Amino acid sequence: MSETYLVTGGNGYIGSHMCRLLAQHGATVHVVDNHAASPAEPVHGYGTFHRMDIASAECGELIAWLRPTAVFHFAALANVPQCQADPLRAYRDNVAGSLALFQHCVEAGVRRVVLSSSCAVLGEPEVELLDESLPLRPASVYGHTKAMVEQMLGDLCSRGSLDGLVLRYFNAAGAAEDGSLAENHRPETHLIPRLIDAHLAGEQSTFCIYGDDYDTPDGTCVRDYIHVEDLARAHLLAERWLVGKEGMHTFHLGSGKGYSVREVIEVFEKVVGARLPSRVGPRRPGDVARLVASVERARAELGFEAKWSLEDAIRHALASRLAMATTAG
Ligand code: UDP
């Protein structure tokens with residue numbers, strides 16, 4: 001592969017795995033990251049880093065100069081509680097930032113944009129498996145911002161200014177198979193890293209389950225966990241699939257299998273070979289009972305199949321966390 005790709009938010013969790021995969025395929029990778037939602041220093045060496053905001057004029061100049069084959073757009077404030085607490089920042093970073101980025105692409109004649117989106121744009125549809133035909137009904141500030149960006153991209157694609165892919169993730173989990181590129185959010189709100197925190201903290205820690213009175217088999221929330229390396233691979237498949245096509249195309253990326261919080265804890269205990277004491281706390285505002293992807297479209301069109309299981313994701317997440325602690329220590 002001799003293409004040049006631009007990865008916005010390439011210092012973040014999913015973006016860094018994307019950079020690694022592209023570099024492994026021989027592509028030239030450029031990262032644009034302002035480090036506002038990712039660590040202060042580059043967390044990997046898979047590409048040339050440009051410390052800048054996607055909305056800045058210099059980012060426009062960079063895109064015009066590079067003329068990348070495609071832009072993988074991950075840069076966003078992706079922390080749901082933070083978006084809820086600071087809508088101004090969420091709309092500025094996610095919506096205004098994306099609008100400026102799309103403008104840079106249109107002005108530079110870069111057509112292909114792969115947007116990192118989320119099942120949060122769907123709210124809580126009352127169907128077993130969520131497919132791409134469902135209407136946008138976001139129920140959180142984060143979901144609103146992603147839905148707006150999808151709509152902007154859709155309008156630009158309908159007008160023929162860009163060719164777009166909307167990839168809606170369910171719950172990204174895990175780390176690179178070799179234990180590198182750990183998930184490193186500050187603050188950390190996600191289930192698996194928090195289970196690891198509780199496990200590593202030992203006896204003084206009890207893990208808190210956010211509510212067990214949901215309308216699910218064991219009362220805890222059900223989610224569809226997809227390994228971050230599978231996610232990155234799906235992006236590459238989708239970007240190649242888009243070649244020669246026009247318009248905007250949406251895919252749901254998940255495993256198609258739901259796990260309740262209690263089931264995730266069981267798998268976690270199996271991986272670490274130890275019990276993890278837990279207690280039930282109140283519901284977390286904004287959480288919905290069940291979000292599980294229909295993977296039919298991604299399978300049929302892209303030939304995408306998740307390769308890693310939840311157990312693999314937990315194993316890799318733990319290995320990468322331990323590796324990170326060793327490096328830091
Ligand atoms: N969760 C929990 N305790 C925690 C963190 C998360 O019970 O300390 C639950 C949360 O309520 C949700 C599920 O785990 O039902 C997945 O949460 P996460 O934040 O990882 O992803 P989300 O689905 O919110 O994007």
Side-chain angles (χ1 to χ4, degrees), residues 12-14 37 74 76-85 90 94 116-125 129-130 138-147 167-175 182-201 204-228 231 252-269 272 276-293 310-311 313-314 316-318 320-321:
Y13 173 45
I14 306 172
F74 296 93
L77 183 63
N79 180 303
V80 177
Q82 268 184 325
C83 287
Q84 214 60 29
N94 299 358
S116 164
S117 190
S118 162
C119 59
V121 300
L122 304 174
E124 191 180 14
L129 297 176
L130 309 188
S140 66
V141 172
Y142 174 67
H144 282 133
T145 66
K146 285 288 171 182
L167 302 182
R168 293 190 189 136
Y169 317 148
F170 284 65
N171 287 55
E183 188 167 3
N184 186 15
H185 299 114
R186 300 268 160 76
E188 187 52 80
T189 58
H190 293 108
L191 176 60
I192 293 171
R194 287 176 68 99
L195 289 172
I196 295 174
D197 285 342
H199 168 67
L200 296 179
Q204 62 271 43
S205 164
T206 301
F207 180 77
C208 179
I209 297 171
Y210 298 147
D212 68 350
D213 57 351
Y214 287 93
D215 185 15
T216 59
D218 67 17
T220 65
C221 293
V222 172
R223 295 289 182 271
D224 177 341
Y225 296 87
I226 175 164
H227 195 292
V228 65
L231 264 187
H252 283 185
L253 299 180
S255 70
K257 191 168 167 12
Y259 287 87
S260 72
V261 175
R262 285 202 191 282
E263 286 171 331
V264 175
I265 294 174
E266 269 170 38
V267 177
F268 186 86
E269 289 178 329
V272 299
L276 185 81
S278 63
R279 67 182 173 83
V280 177
R283 288 182 174 201
R284 183 170 65 177
D287 276 346
V288 300
R290 181 186 159 87
L291 293 169
V292 182
L310 174 63
E311 188 175 329
I314 293 174
H316 298 162
L318 185 64
S320 72
R321 176 68 75 80

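Worth saying up front: this structure is predicted, and the values here are computed from it rather than measured. Order of appearance sets the numbers: ligands from 1, and atoms from 1 within every ligand.
Of the N and O atoms on the side chains of S255 and Y225, not one donor lies less than 3.5 Å from an acceptor on the other residue.
The backbone N or O of S116 sits less than 3.5 Å from a side-chain atom of K146, completing a donor-acceptor pair. Judged by distance alone, the side chain of E124 and the main-chain N or O of A289 form a donor-acceptor pair under 3.5 Å. Between the side chain of Q84 and the backbone N or O of V141, at least one donor-acceptor pair lies under 3.5 Å. A donor-acceptor pair under 3.5 Å is absent between the side-chain atoms of R262 and the main chain of I209, judged by distance alone. Of the possible donor and acceptor atoms, one in the side chain of N94 sits under 3.5 Å from a partner among the backbone N and O of L77.
Using a 4.0 Å cut-off between charged side-chain N and carboxylate O, R321 and D197 make a salt bridge.
For the residues D197, L195, N171, V80, the heavy atom positioned nearest atom 22 (P) of ligand 1 is part of N171. Remark: among candidates R194, R262, R283, R284, the nearest residue to atom 18 (P) of ligand 1 is R284, based on non-hydrogen atoms.
Among all non-hydrogen protein atoms, the one lying nearest atom 15 (O) of ligand 1 is C221 CB, 2.9 Å. In this structure, atom 9 (C) of ligand 1 lies nearest to the protein heavy atom V261 CG2, 3.8 Å. The nearest heavy-atom contact from the protein to atom 23 (O) of ligand 1 is R223 NE, 2.7 Å. Of the protein's non-hydrogen atoms, the one nearest atom 11 (O) of ligand 1 is D287 OD2, 2.5 Å. Shortest contact from atom 1 (N) of ligand 1 to any protein heavy atom: Y210 CD1, 3.5 Å.
Under a 4.0 Å criterion applied to the non-hydrogen atoms of T189, ligand 1 contributes the atoms 5 (C), 19 (O). Taking every heavy atom of I209 and a limit of under 4.0 angstrom, the matching atoms of ligand 1 come to 7 (O).
Between L191 and ligand 1, at least one N/O pair is under 3.5 Å apart. Taking only nitrogen or oxygen atoms, main chain and side chain alike, Y225 does not reach within less than 3.5 Å of ligand 1. For the pair C208 and ligand 1, the shortest N or O to N or O distance falls below 3.5 Å.
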Please evaluate residues L310 and E263 with respect to the criterion side chain to side chain contact (heavy atoms under 4.5 Å, CB included), reporting the C-alpha separation (whole Å), side-chain torsions for both, the decisive distance (0.1 Å), and the verdict. CA-CA 10 Å; L310 174 63; E263 286 171 331; over 6 Å; no
